[in-house]
**Q** 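Once you've had a glance at the structure underneath, I'll fire off some questions.
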Amino acid sequence: NAGMGEGRNRREVITDTLMPNQLTACRHANGRDWWVNCFVNDRKRIYRLIVTPDTILNLGYYNDEIVQPYGGGSFKYNAEGTKLYRKKAVFRNETDSLFVWNFDRCTGYLSGVERYRLKDSTRLNSFGYSIEFSPSGRYLYATNGWLIHQYDLWSDDLVRSGILVGEAREEIDSTLNWPISGFFGMQLGPNGKIYLSGSTFTRYLHTIERPDERGRACDFRYKGQPLY
């Protein structure tokens, strides 16, 4: 086949063993290698991989203490690489929770998972899921698809520190009859701003202009960054 390969088993179904959007990486304490973690579909085990300059080693599973809710979500380390955070997508008035593990950058081991129920945690048919850290690492931003809250990670009470800093607007594309409101992915940019994607067909990104400022001073801007 001129080196193009050959498909021998047309009816064989290959099952993906990983949960969607649940893969993240953190630099090893040695400053050279990388730890990679990803959830298995059974929602109980987390792969523990190490990436070196010349190979990828599978070191087995970490068995979680809490059976995780199924579904896509956001899975990120904090800037120091000492904690791992997970927030899943919210569907049909499910409880919106944040899961936090301690992480050892030398061994790659996770421990001591904690679960936090976030503020204004339910909304019908809300598909948002994302979290992101401010540049200093002090503030965590979380969205359930319609609301954005800022949480102070230096506070003694993470949930009570939450402040509402942004809201989506109900908008329907008149031509496609499709909602173009809501928040989905969230990512810190190299310029220190946080960018939030909207739903399908939107022509804008939403922005948090000053993520290290407390509360509304973070300056959330709905449709703050036109795409075209």
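Just so it is clear, the model here is predicted, and its values are computed rather than measured.
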**Q** Where do Q187 and S74 land on the side chain to side chain contact (heavy atoms under 4.5 Å, CB included) test, with the steps shown first?
**A** CA-CA 10 Å; Q187 186 65 49; S74 195; over 6 Å; no

**Q** Within a strict 4.5 Å, meaning less than it, do heavy atoms of the Y222 and R169 side chains meet?
**A**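 Touching, per the 4.5 Å side-chain cut-off.
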
**Q** Just by distance, do the side chain of Q225 and the backbone of H206 share a donor-acceptor pair under 3.5 Å?
**A**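 Here the side-chain-to-backbone pair does not exist.
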
**Q** Applying side chain to side chain contact (heavy atoms under 4.5 Å, CB included) to L110 and N102, what does each step give before you reach the verdict?
**A** CA-CA 6 Å; L110 296 163; N102 296 314; over 6 Å; no

**Q** Could you pull out the closest heavy-atom pair between R216 and L164, with the gap in Å?
**A**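 Closest approach of R216 to L164, heavy atoms only: NE-O, 3.3 Å.
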
**Q** Could you tell me if the side chain of L49 sits less than 4.5 Å from the side chain of L59, heavy atoms only?
**A** no

**Q** Do the non-hydrogen side-chain atoms of Y116 and Y151 ever get within less than 4.5 Å of each other?
**A** no

**Q** Any salt bridge linking R221 with D219? Criterion: basic side-chain nitrogen under 4.0 Å from a carboxylate oxygen.
**A** yes

**Q** For the pair S97 (side chain) and R115 (backbone), establish whether a donor and an acceptor sit closer than 3.5 Å, ignoring hydrogens and angles.
**A**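 No: the side chain of S97 does not pair with the backbone of R115.
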
**Q** Can you tell me how far the SG atom of C38 sits from the CD1 atom of I46, to the nearest 0.5 Å?
**A** 9.0 Å

**Q** When you compare the side chains of E80 and T82, does any donor N or O come within less than 3.5 Å of an acceptor on the partner?
**A** no

**Q** Verify the distance criterion only: is there a donor paired with an acceptor across the side chains of D54 and T52 at less than 3.5 Å?
**A** yes

**Q** With a 4.5 Å limit on heavy-atom distance, are the side chains of W101 and R86 in contact?
**A**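 They are in side-chain contact.
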
**Q** Using the ring of Y109 (Phe, Tyr or Trp, six-membered ring only), decide whether R48 places NZ or CZ under 6.0 Å from its centre and within 45 degrees of its axis.
**A** yes

**Q** How would you list, by chain and number, every residue that makes a ring-ring contact (aromatic ring centres under 6.0 Å, His included) with F220, sequence neighbours excluded?
**A** F183

**Q** Could you state the interatomic distance from NZ (K193) to SG (C218), rounded to the nearest 0.5 Å?
**A** 13.0 Å

**Q** Minimum heavy-atom separation for D33 and P53, please, with both atom names.
**A** OD1-CD, 3.4 Å

**Q** Applying side chain to side chain contact (heavy atoms under 4.5 Å, CB included) to L153 and L158, what does each step give before you reach the verdict?
**A** CA-CA 6 Å; L153 299 180; L158 185 147; 3.5 Å; yes

**Q** If you look at every heavy atom in P135 and G192, which pair is closest and at what distance?
**A** CG-O, 3.7 Å

**Q** Specify the closest pair of heavy atoms between V100 and K83, including all atoms of both residues, with the distance to one decimal.
**A**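 Result for this residue pair: CG1-CD, 4.0 Å.
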
**Q** What class does the angle between the rings of Y85 and F133 fall in, given that below 30° is parallel, 30 to 60° is tilted and above 60° is perpendicular?
**A** perpendicular

**Q** Quick check for you: to the nearest 0.5 Å, what is the distance between L98 atom CG and K87 atom NZ?
**A** 8.5 Å

**Q** When you look at F184 and L196, which way does the side chain to side chain contact (heavy atoms under 4.5 Å, CB included) test go after all the steps?
**A** CA-CA 7 Å; F184 285 78; L196 295 91; over 6 Å; no

**Q** Testing the basics here: between Y47 and N58, what is the closest heavy-atom pair and its distance to 0.1 Å?
**A** CE2-ND2, 3.9 Å

**Q** Under a plain distance cut-off of 3.5 Å, with no hydrogens placed, do S136 and D212 share a side-chain donor-acceptor pair?
**A** yes

**Q** In terms of hydrophobic clusters joined by side-chain contacts under 4.5 Å, are W146 and Y204 together?
**A**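 No; Y204 is not reachable from W146 via cluster members.
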
**Q** Does D152 pair with R138 as a salt bridge, N-O distance under 4.0 Å?
**A**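 Salt bridge flag = yes for R138 with D152.
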
**Q** If only side-chain N and O atoms count, and only distance matters, is there a donor-acceptor pair under 3.5 Å linking Y141 with Q150?
**A**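 Result is yes, a qualifying pair exists.
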
**Q** So, for H28 and R105, which heavy atoms are closest and what is the spacing to 0.1 Å?
**A** O-NH2, 3.2 Å

